[in-house]
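Given the structure is predicted, the values throughout are model-derived calculations rather than measurements.
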Amino acid sequence: MRLYNTLSGTEEEFIPSGERVKMYVCGITPYASSHVGHALSAVVFDVLRRYLEFQGYKLQHVQNFTDVDDKIIARAAKQGVTYRELADRYIQEYTSDMDLLNVKRAHAYPLATDAIPRMVEVIADLIDKGYAYPSNGNVYFRVTMDDDYGKLSHRSLDSMIAGARVEVVEGKEHPMDFTLWKAAKPGEPAWESPWGPGRPGWHIECSTIALDHLGESLDIHGGGLDLVFPHHENEIAQSESYTGRIPFARFWVHNGLLNLGEDKMSKSLGNLVGVSEALEHHSSDALRLYFLSSHYRSPLNYSAEGLAAMERAAERLRNALRQDSTTGNDALDPSHYEKQFVTAMDADLNTPQAIAALFDLAHEINRARERGQKVGQAQNSLRKLGDVLGLTFRERTSQEALSLEPLAELFKDIGATLNASGHHKLAGWVNSHSDAQDAATIVETLLAIRRELRQVREYDFADTIRSRLADLGVGLEDAQDGTVWKHRQSVV
RNA sequence: GGCGACGUAGCCAAGUGGUUAAGGCGGGGGUCUGCAAAACCCCUAUUCGGCGGUUCGAUUCCGCCCGUCGCCUCCA
């Protein structure tokens with residue numbers, strides 16, 4: 001496949017260097033709930049992984065957690081918990097959010113704090129080699145020693161300084177020198193080192209963890225576009241200076257960032273939408289379709305309206321997966337659509353086009369079914385290709401989507417109306433389920449009642465039940481072989 | 001100030017130097033249905049921010065302009 005490489009600034013043919021594709025993706029700093037921007041990034045690399053696996057590659061996917069840093073420490077102190085407790089809490093939350101998004105788990109989630117002794121070794125070696133120097137309990141990387149510093153972000157040291165936002169820090173030889181080891185202030189969690197107690201800088205963590213888990217050369221290093229500089233630039237500087245092996249990562253892959261309204265969604269602006277918040281209102285399929293309906297390198301604006309539209313689009317795909325006909329003779333051949341899908345994904349993960357192939361296939365399935373063809377094979381194909389994008393084609397269950405109280409109230413109400421209008425038999429059905437504790441039982445009973453009403457042509461009453469269920473988010477479809485109901489996304 | 005991205009229908013969003021500019025949502029009409037819903041059929045950009053240039057031919061390449069956004073500081 002062709003894959004855009006930030007390092008070269010072009011698309012290149014992706015061929016792994018060995019048996020397994022070694023993919024390292026920068027993880028989160030667990031000091032707060034993860035937001036939909038994190039979800040976007042996770043989904044992008046999940047799809048890259050799924051597609052490579054679909055193509056028959058074996059992968060080793062590693063993603064770190066930066067479980068100690070200034071913000072974690074500050075926040076933990078504020079809440080009166082240890083940094084450990086705070087980090088663990090948000091790591092757990094992140095993991096469960098990603099599970100709900102159907103993101104495949106990485107093969108390893110190393111913690112920064114577990115790798116500190118190794119980082120100390122690496123830093124010491126960098127000092128020995130002249131790439132770093134201690135200063136007042138800190139250790140800095142000497143950027144002037146690295147001839148190709150700036151090659152990833154495509155800027156020169158001079159132009160960085162011309163940016164004029166570099167602040168002069170006491171003890172640094174060069175304003176762009178960055179921290180490898182940070183001396184601890186009193187009361188902060190600290191680890192021993194030859195330079196005094198402290199903790200590692202952010203960048204050295206990823207270099208060291210990647211090195212330890214995946215070796216000196218990665219196939220793919222991923223992350224958000226906002227990490228290109230300084231984080232990934234510095235990782236390259238550290239890793240290549242330490243190992244002498246170039247390149248540290250063969251492909252640098254960066255996803256575009258998610259904006260909220262006019263602004264980038266960022267912690268500093270505080271305009272965050274949490275992953276769990278988004279999942280309360282939208283299915284994971286809708287979220288994934290939304291993320292993947294624009295190219296992964298483009299910026300994307302988060303919008304609830306856009307997601308609601310994707311919810312309907314997801315339903316369209318699901319509808320194509322309904323029961324196959326059993327009587328058909330010839331079968332629909334999905335291979336044309338599979339080719340389209342693969343061609344699209346091969347072109348730097350062109351998921352918008354891949355999704356279009358999915359919709360074309362779904363459309364063709366519906367047409368073929370009307371023609372009386374067998375569509376089972378094509379449906380399997382749709383499921384299989386959808387799975388490459390991490391789509392589940394599952395509706396949210398009634399428990400997740402429907403609240404019981406308004407339904408129970410409606411149920412009672414209908415029972416009373418039935419009684420009042422002389423439908424004592426049907427009112428009895430309500431009574432016999434009057435203590436129903438789940439939404440499904442209530443809906444099913446109402447559907448049975450409605451069927452009876454339709455049979456005796458009391459359409460007004462039947463339609464009332466339908467519309468009142470619709471008000472509660474239950475959509476009805478009367479098909480040949482009975483009525484199907486589903487939760488419909490309420491308009492946000 | 002430096003580096004970079006983008007501007008395609010009502011909305012979201014692919015794409016190509018030259019046959020009909022994907023797909024989704026929305027909208028209109030029709031088939032089916034007791035009515036709906038779903039599904040199917042038809043329609044919904046003579047046109048790709050503006051102005052020049054290159055070319056037989058540009059939405060696609062180049063230049064300028066206008067507009068939007070990102071990075072350069074913690075950030076997926």
Side-chain angles (χ1 to χ4, degrees), chain A residues 9 25-29 31-32 34-45 63 66 69-71 150 153-156 158-167 176 202 222-231 233 254-259 262-269 272 289-290 292-295 297-301 303 305-320 322 340 344 347 350-360 362-363 365-367 369-371 454 457-460 462-463 466-467 470 475-480 483-486 488:
Chain A
V25 181
C26 287
I28 58 156
T29 300
Y31 77 98
S34 48
H35 56 76
V36 281
H38 298 130
L40 166 64
S41 187
V43 165
V44 164
F45 290 100
Q63 185 170 324
T66 304
D69 96 318
D70 293 350
K71 283 164 299 189
S153 49
H154 304 291
R155 46 187 108 171
S156 65
D158 291 345
S159 73
M160 293 177 203
I161 294 166
R165 287 230 231 149
V166 284
E167 82 188 89
M176 293 310 294
W202 176 35
L225 206 52
D226 52 352
L227 297 185
V228 173
F229 191 90
H231 185 52
E233 193 71 61
H254 293 100
N255 64 274
L257 302 179
L258 190 66
N259 301 313
E262 295 303 296
D263 296 304
K264 171 187 168 186
M265 192 177 293
S266 74
K267 291 160 187 174
S268 46
L269 287 171
L272 303 177
L289 282 173
Y290 188 72
L292 299 172
S293 69
S294 89
H295 187 83
R297 287 194 283 114
S298 309
L300 180 64
N301 290 316
S303 106
E305 295 74 32
L307 272 163
M310 280 307 161
E311 203 71 68
R312 292 184 284 270
E315 192 175 327
R316 180 169 168 76
L317 293 178
R318 255 184 254 127
N319 285 336
R322 287 182 180 177
Q340 287 205 316
N350 191 331
T351 52
Q353 243 170 34
I355 289 172
L358 254 42
F359 280 105
D360 286 344
H363 186 219
I365 287 171
N366 290 331
R367 290 173 52 128
R369 188 168 26 209
E370 296 216 341
R371 268 188 250 122
R454 290 176 67 211
R457 298 185 170 273
E458 291 207 34
Y459 291 121
D460 285 350
D463 290 352
R466 181 170 62 196
S467 80
L476 262 46
E477 289 176 28
D478 296 322
Q480 298 279 343
T483 299
V484 197
W485 68 277
K486 56 176 62 175
R488 254 192 234 307

Peer 1: Out of A13(B), G2(B), A39(B), which nucleotide sits closest to the side chain of R316(A)?
Peer 2: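 Taking heavy atoms from C-beta onward, the closest nucleotide is A39(B).
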Peer 1: Among G24(B), A76(B), A13(B), which is the nearest nucleotide to the side chain of D226(A)?
Peer 2: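 So the side chain of D226(A) is nearest to A76(B).
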Peer 1: Using a 4.0 Å heavy-atom cut-off, does G27(A) contact any base of the nucleic acid, only the sugar-phosphate backbone, or nothing at all?
Peer 2: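 Sugar-phosphate only.
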Peer 1: Check the phosphate of A38(B) against N319(A), side-chain N and O only, distance under 4.0 Å to OP1 or OP2. Yes or no?
Peer 2: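 N319(A) to A38(B) OP1/OP2: no side-chain N or O under 4.0 Å.
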Peer 1: How do R454(A) and L227(A) order along RNA chain B: which one's closest nucleotide is nearer the 5' end?
Peer 2: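 Upstream on the strand: R454(A).
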Peer 1: Quick one: D69(A) CG to C74(B) P, roughly how many Å, whole number?
Peer 2: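 Going from D69(A) (CG) to C74(B) (P), I get 11 Å.
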Peer 1: When you get a sec, tell me which of A39(B), A36(B), A76(B) is the closest nucleotide to the side chain of R466(A)?
Peer 2: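 When the side chain of R466(A) is considered, A36(B) is the closest of A39(B), A36(B), A76(B).
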Peer 1: Would you mind telling me which residue lines up with the more 5' stretch of RNA chain B, R457(A) or R297(A), judged by nearest nucleotide?
Peer 2: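 This one resolves to R297(A).
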Peer 1: Tell me the partner of C6(B), counting only Watson-Crick (N1-N3 plus N6-O4 or O6-N4) or G-U wobble (N1-O2 and O6-N3) with both under 3.5 Å; none if nothing fits.
Peer 2: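 Across all strands, the one nucleotide that pairs with C6(B) is G67(B).
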Peer 1: Under 3.5 Å, side chain of Y31(A) to main-chain N/O of D70(A), donor-acceptor pair present?
Peer 2: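 It does not hold such a pair.
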Peer 1: If the C1' atom of G30(B) is compared with that of G23(B), how far apart are they to the nearest Å?
Peer 2: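 It comes out at 23 Å once rounded to the nearest Å.
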Peer 1: Just to be sure I understand the rule, does G223(A) reach a base, reach only the sugar-phosphate, or reach nothing, if contact means heavy atoms closer than 4.0 Å?
Peer 2: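 The residue G223(A) makes sugar-phosphate contact but no base contact.
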Peer 1: Name the closest nucleotide to the L300(A) side chain, picking from A13(B), C72(B), C40(B).
Peer 2: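 The listed nucleotide nearest to L300(A)'s side chain is A13(B).
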Peer 1: Both distances under 3.5 Å, Watson-Crick or G-U wobble: report the partner of G1(B), or none.
Peer 2: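 Checking every strand shown, G1(B) finds its partner in C72(B), with both distances under 3.5 Å.
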Peer 1: How is N366(A) classified with respect to the nucleic acid when contacts are heavy atoms under 4.0 Å: base, sugar-phosphate, or nothing?
Peer 2: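 If one applies the 4.0 Å heavy-atom cut-off, N366(A) turns out to touch the sugar-phosphate alone, with no base involved.
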Peer 1: Which nucleotide wins on minimum distance to the side chain of A356(A), given the candidates A39(B), A76(B), G23(B)?
Peer 2: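 Of the options given, the side chain of A356(A) lies nearest G23(B).
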Peer 1: With a 3.5 angstrom cut-off on both distances, give the Watson-Crick or G-U wobble partner of C56(B), or none if there isn't one.
Peer 2: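 Its partner is G18(B).
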Peer 1: Using the P atom on both, measure A38(B) against G24(B) and round to a whole Å.
Peer 2: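 Per the computed distance, 15 Å lies between those P atoms.
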Peer 1: How many whole angstroms separate atom CD of Q353(A) from atom P of G15(B)?
Peer 2: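 Interatomic distance, CD of Q353(A) to P of G15(B): 6 Å.
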Peer 1: Starting at atom NE2 of H231(A), determine the distance to atom P of C72(B), rounded to an integer number of angstrom.
Peer 2: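 Value for this atom pair: 13 Å.
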Peer 1: What is the distance, to the nearest angstrom, from the CD1 atom on I355(A) to the C1' atom on A13(B)?
Peer 2: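 So the two atoms are 10 Å apart, to the nearest Å.
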Peer 1: Could you give the distance separating A39(B) and C25(B) at their P atoms, to the nearest angstrom?
Peer 2: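 Result for the P pair: 8 Å, nearest Å.
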Peer 1: Write down the distance separating the P atoms in A76(B) and G18(B), rounded off to the nearest Å.
Peer 2: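 Rounded to whole Å, the distance is 42 Å.
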Peer 1: Verify, without hydrogens or angle tests, whether S293(A) (side chain) and Y290(A) (backbone) share a donor-acceptor contact under 3.5 angstrom.
Peer 2: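 Such a contact is found between S293(A) side chain and Y290(A) backbone.
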Peer 1: Can you tell whether the side chains of R155(A) and E233(A) come within less than 4.0 Å, N to carboxylate O?
Peer 2: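 Result for this pair is no, no salt bridge flagged.
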Peer 1: Could you give the CE-to-P distance, from M160(A) to C71(B), as a whole number of Å?
Peer 2: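 Rounding to the nearest Å, CE of M160(A) and P of C71(B) are 16 Å apart.
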Peer 1: Measure from the side-chain heavy atoms of H35(A) and tell me the nearest of A76(B), A14(B), C74(B).
Peer 2: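 From the listed options, A76(B) comes nearest.
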Peer 1: Roughly how many Å is it from NE2 in H254(A) to C1' in A5(B), rounded to a whole number?
Peer 2: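 Spelled out: NE2 on H254(A) to C1' on A5(B) is 15 Å.
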Peer 1: Nearest to the side chain of K71(A), which nucleotide is it out of C74(B), A22(B), A14(B)?
Peer 2: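 Among C74(B), A22(B), A14(B), the one nearest the side chain of K71(A) is C74(B).
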Peer 1: Start with the C-alpha gap between N319(A) and R316(A), add the side-chain angles, then the distance that decides, and say whether side-chain hydrogen bond (donor to acceptor under 3.5 Å, both in side chains) holds.
Peer 2: CA-CA 5 Å; N319(A) 285 336; R316(A) 180 169 168 76; over 6 Å; no
Peer 1: Of the candidate nucleotides A14(B), A76(B), C71(B), which contains the atom at the shortest distance from the side chain of L258(A)?
Peer 2: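 Nearest listed nucleotide: A76(B).
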Peer 1: Using a heavy-atom cut-off of 4.0 Å across all strands, would you classify D70(A) as base, sugar-phosphate, or nothing?
Peer 2: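 Nothing, no heavy atom under 4.0 Å.
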Peer 1: Enter the distance from L257(A):CG to D226(A):CG here, rounded to the nearest 0.5 Å.
Peer 2: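 Here the rounded value is 4.5 Å.
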Peer 1: Whole Å only: how far is the CG atom of D478(A) from the P atom of A39(B)?
Peer 2: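 Value for this atom pair: 15 Å.
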Peer 1: Which whole number of Å gives the distance between the P atom of G1(B) and that of C64(B)?
Peer 2: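 G1(B) and C64(B) have their P atoms separated by 16 Å.
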Peer 1: Closest to the L257(A) side chain: G70(B), G24(B), A39(B)?
Peer 2: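 Taking heavy atoms from C-beta onward, the closest nucleotide is G70(B).
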Peer 1: Rounded to the nearest 0.5 Å, what separation is found between the NE2 atom of H254(A) and the SG atom of C26(A)?
Peer 2: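 Answer rounded to 0.5 Å: 7.5 Å.
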Peer 1: When the P atoms of A21(B) and G2(B) are considered, how many whole Å apart are they?
Peer 2: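 To the nearest whole Å, 41 Å.
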Peer 1: Within the structure, does a side-chain N or O atom of H295(A) lie under 4.0 Å from either OP1 or OP2 of A22(B)?
Peer 2: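 For H295(A), the contact criterion (side-chain N or O under 4.0 Å from OP1 or OP2 of A22(B)) is not met.
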Peer 1: Between G2(B), G70(B), A14(B), spot the one nearest the side chain of S298(A), thanks.
Peer 2: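 Given the options G2(B), G70(B), A14(B), the side chain of S298(A) is closest to A14(B).
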Peer 1: Can you check the distance between A36(B) and C51(B), where both ends of the measurement are the P atom (answer in whole Å)?
Peer 2: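 Per the computed distance, 47 Å lies between those P atoms.
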Peer 1: Does any N or O donor sit under 3.5 Å from an N or O acceptor when you compare the side chain of D463(A) with the base of G34(B)?
Peer 2: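 For D463(A), whose side chain was compared with the base of G34(B), there is a donor-acceptor pair (under 3.5 Å).
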Peer 1: Heavy-atom distance under 4.5 Å between the side chains of K486(A) and R318(A), does that happen here?
Peer 2: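 No, every pair of side-chain atoms sits at 4.5 Å or beyond.
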Peer 1: Is the phosphate of C40(B), meaning OP1 or OP2, less than 4.0 Å from a side-chain N or O of R369(A)?
Peer 2: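 Looking at the OP1 and OP2 atoms of C40(B), neither is under 4.0 Å from any side-chain N or O of R369(A).
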Peer 1: Could you state the CG-C1' distance from N301(A) to G7(B), rounded to the nearest angstrom?
Peer 2: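 After rounding, the reported distance stands at 13 Å.
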Peer 1: Go through the steps for M160(A) and F229(A) under the test side chain to side chain contact (heavy atoms under 4.5 Å, CB included), then give the verdict.
Peer 2: CA-CA 11 Å; M160(A) 293 177 203; F229(A) 191 90; 3.6 Å; yes
Peer 1: With C1' as the reference atom in both, quote the distance from U59(B) to A45(B) in angstrom, rounded to an integer.
Peer 2: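 12 Å, rounded to whole Å.
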Peer 1: Quick one: pull up OG1 in T483(A) and CG in D478(A) and give me the separation to the nearest 0.5 Å.
Peer 2: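 So the OG1 of T483(A) and the CG of D478(A) are separated by 4.0 Å.
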Peer 1: Any N or O donor-acceptor pair linking the side chain of R312(A) to the base of G24(B) at under 3.5 Å?
Peer 2: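 No such pair is found, so the answer is no.
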Peer 1: Under a 3.5 Å limit for both distances, which nucleotide forms a Watson-Crick or G-U wobble pair with C40(B), could you say?
Peer 2: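 G30(B) is the nucleotide pairing with C40(B).
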Peer 1: Centroid distance below 5.5 Å plus an interplanar angle below 30 degrees: do Y459(A) and G34(B) meet both conditions?
Peer 2: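 By the stated criterion, Y459(A) and G34(B) stack.
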